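Okay, so here's the structure we're looking at.
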Amino acid sequence: MSDRSDVRAGAGWRTRGRMAAGLGALVLLAAAVGCGKAADDAPTANAGPGTVSKAGALKGFSTPESVLFAGDRWFISNIGPQAEPVAEDGDGFLTELNSAGTVTARRAMPRPGDPPLHAPKGMTYTDNRVFVADIDRVVGYDMDTHGQVFEAIVTGEEPALLNDLALLNPHTLLVSDSLRGIVYLLDTETRLFEPLATGIPGANGVAVDAAGANAYVAGTGADFRGGDVWRLDLAQRPAVPQRVGTVHGVLDGIAVLANGNLVVSDWVSAGETPGAMTVYGPDGALVAAVQLPENTHGPADFALDSTARNAWIPAMPDNRVVIVPLP
C-alpha cells in the first residue's frame, strides 16, 4: 500500500530470538488486539473507490493490519485468528479483493506448500509482486500465481520488528523497524538491508511524498505508549530524523496527500479507548479530524484509494476494515 499516493500504518508484532526490554510494552498491544473476537467467516464488502458519503466497513477479517491497493487488485494483511502479534504461529495470511471490493481469495497468500506467514503487517508492490513485512523479514509474492518469490531477512543481534513498507523506486523499499527504531533501505535485487535513519522510537508507518524528496515516519514510541512524526530528507545518507511539529500519540499509519498534508492514524491507547485519525499540515499544524465510526479501535496501516478521498483503515481488534471519507 505504499505507492506514494497511499500509505501505511503498521503494527504487526513479533520477533525472532532474544526479546528486548521494550517488548514487554508490546505485549500490552497484543492484549489489546486480543480483545476483539477473531472472526473466521468470509469478509463482506460493498464499497469501491469513489466518493464515500458516510463511513462503511468490510467485516470478517482475522486481526487485519494493513491495506494495499495494487492497481485493480487489493490486499489486506491478517495477523491471524489467534490474534498473537508476538508469536511465530504461522497463522497469518493476505486476503485479495477485486476493484469492486469483493473478496476473491480469503487466503490468497501464502498458497498451500509455501512457507507460512506469522504476523504480516505493512505492504507495498512493484513489478507484479506484493511485498509484506513479517517480523524479521520481508516476503514477496507473485500477484498472479500467489507463489512466494522473495524473502529478505534482516540481520543483527537485537530483535527486530519490521512493520511497514514504502516503495522508494522499483528496486528499493523503505522498511520500518519498530523495535530497533530504524528505517532501512531494502534492495530487492541484492536482498540487503541498509540503515537509512536511526533514532526513531517505535518507527511504524512510513510514506514517501509525491516528489520522492522526503519520507515521513509515524512512531509509536520506544515503549509503544506514545511517539512522534518524523521527516527524512531522502537526499541524505544517512538521513537525520526531523520531528514534525508536536504531533504525538500511539501512531501507526501515515499517508502524504498531494498538497503535502499528512494523514495519521492513532491508537490513542492499547485499551478500550477508540482510536483516531487526523490530517496535519506539512509542519504538523492541525488541519482536521477524520470522523471515524463510533468505537473504532486500533486504526492501523491504512491506505487511500485511487481518488485519495477515502481512507481504508484496518481496525485490528474489531476484525474489520473501516472506509471513511477524508475531510
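The first residue of the sequence shown is numbered 1, and numbering continues consecutively from there. In this text, all values refer to a predicted model and were calculated from it rather than measured experimentally.
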What pairs with [X] under side chain to side chain contact (heavy atoms under 4.5 Å, CB included), at least two apart in sequence or on another chain?
{"X": "D228", "result": "W230, R243, H248"}
{"X": "E294", "result": "none"}
{"X": "T104", "result": "E96, N98"}
{"X": "D127", "result": "R129"}

With sequence neighbours excluded, residues passing side-chain hydrogen bond (donor to acceptor under 3.5 Å, both in side chains) with [X]:
{"X": "T172", "answer": "N169"}
{"X": "Y141", "answer": "none"}
{"X": "D233", "answer": "none"}
{"X": "N259", "answer": "none"}

How many angstroms lie between [atom1] in [X] and [atom2] in [Y], if you round to the nearest 0.5 Å?
{"X": "I313", "Y": "S265", "atom1": "CD1", "atom2": "OG", "answer": "7.5 Å"}
{"X": "L161", "Y": "I182", "atom1": "CG", "atom2": "CD1", "answer": "12.0 Å"}
{"X": "D91", "Y": "R107", "atom1": "CG", "atom2": "CZ", "answer": "7.5 Å"}
{"X": "L117", "Y": "L94", "atom1": "CG", "atom2": "CG", "answer": "5.5 Å"}
{"X": "L174", "Y": "L186", "atom1": "CG", "atom2": "CG", "answer": "9.5 Å"}

So do the side chains of [X] and [Y] get within less than 4.5 Å of each other, counting heavy atoms only?
{"X": "V183", "Y": "V175", "value": "no"}
{"X": "S99", "Y": "F69", "value": "no"}
{"X": "N128", "Y": "D142", "value": "yes"}
{"X": "V208", "Y": "L167", "value": "no"}
{"X": "P299", "Y": "D266", "value": "no"}
{"X": "W74", "Y": "L68", "value": "no"}
{"X": "L262", "Y": "V244", "value": "yes"}
{"X": "N295", "Y": "D318", "value": "no"}

Same cluster or not: are [X] and [Y] linked, directly or through other Ile, Leu, Val, Met, Phe, Trp or Tyr residues, by side-chain heavy atoms under 4.5 angstrom apart?
{"X": "L286", "Y": "V256", "value": "yes"}
{"X": "F93", "Y": "F61", "value": "no"}
{"X": "L185", "Y": "V217", "value": "yes"}
{"X": "F150", "Y": "L165", "value": "yes"}

Considering non-hydrogen atoms only, spot the tightest contact between [X] and [Y] and give its length.
{"X": "G92", "Y": "P110", "answer": "O-CD, 3.9 Å"}
{"X": "D134", "Y": "P120", "answer": "OD1-N, 3.7 Å"}
{"X": "A308", "Y": "L326", "answer": "O-CD1, 3.7 Å"}
{"X": "F302", "Y": "A311", "answer": "CD1-CB, 4.5 Å"}
{"X": "A289", "Y": "P327", "answer": "O-CG, 3.8 Å"}
{"X": "P64", "Y": "A315", "answer": "CG-O, 4.1 Å"}

Original post:
Under the salt bridge (charged side-chain N to carboxylate O under 4.0 Å, His left out) test, which residues partner D114, sequence neighbours left out?
Top reply: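 Per chain and number, D114 pairs via salt bridge (charged side-chain N to carboxylate O under 4.0 Å, His left out) with R111.
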Test your reading of the model: is there a side-chain donor-acceptor pair from [X] to the backbone of [Y], 3.5 Å cut-off?
{"X": "D305", "Y": "T307", "value": "yes"}
{"X": "S62", "Y": "G80", "value": "no"}
{"X": "H171", "Y": "T188", "value": "no"}
{"X": "N78", "Y": "T63", "value": "no"}
{"X": "N214", "Y": "G212", "value": "no"}
{"X": "S176", "Y": "G205", "value": "no"}
{"X": "R237", "Y": "L234", "value": "yes"}
{"X": "K59", "Y": "A57", "value": "no"}
{"X": "D187", "Y": "T190", "value": "yes"}
{"X": "H297", "Y": "M316", "value": "no"}

Original post:
Where do V324 and N310 land on the side chain to side chain contact (heavy atoms under 4.5 Å, CB included) test, with the steps shown first?
Top reply: CA-CA 6 Å; V324 299; N310 310 309; over 6 Å; no
Original post:
Any salt bridge (charged side-chain N to carboxylate O under 4.0 Å, His left out) pairs touching residues 168-180, not counting sequence neighbours?
Top reply: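 Listed once each, the pairs are D177-R180.
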**OP:** Might you work through the side chain to side chain contact (heavy atoms under 4.5 Å, CB included) test for W312 and L304, ending with a clear yes or no?
**Re:** CA-CA 6 Å; W312 293 57; L304 305 183; over 6 Å; no
Could you pull out all donor-acceptor pairs under 3.5 Å where a side-chain atom in residues 191-202 meets a protein atom, sequence neighbours excluded?
from: R191; atom 1: NH1; to: E151; atom 2: O; distance (Å): 3.4

**OP:** Kindly indicate, with the supporting measurements, whether the criterion side chain to side chain contact (heavy atoms under 4.5 Å, CB included) is fulfilled by I79 and H118.
**Re:** CA-CA 7 Å; I79 287 177; H118 301 292; over 6 Å; no
Original post:
Would you call R73 and D144 a salt bridge, using N to O less than 4.0 angstrom?
Top reply: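 The answer is yes: the pair qualifies as a salt bridge.
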**OP:** Using distance alone, with no hydrogens and no angle criterion, decide if N163 and S178 have a side-chain donor and acceptor under 3.5 Å apart.
**Re:**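 N163 vs S178: donor-acceptor pair found between side chains.
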Original post:
Would D252 and T220 count as having a side-chain donor-acceptor pair, cut-off 3.5 Å?
Top reply: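 No, no side-chain donor-acceptor contact under 3.5 Å.
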**OP:** Determine, stepwise, if the pair V154 / L162 fulfils side chain to side chain contact (heavy atoms under 4.5 Å, CB included).
**Re:** CA-CA 9 Å; V154 68; L162 304 185; 4.2 Å; yes
Residues 273-280 side chain polar contacts: donor-acceptor under 3.5 Å, at least two apart:
from: T273; atom 1: OG1; to: S269; atom 2: OG; distance (Å): 3.4

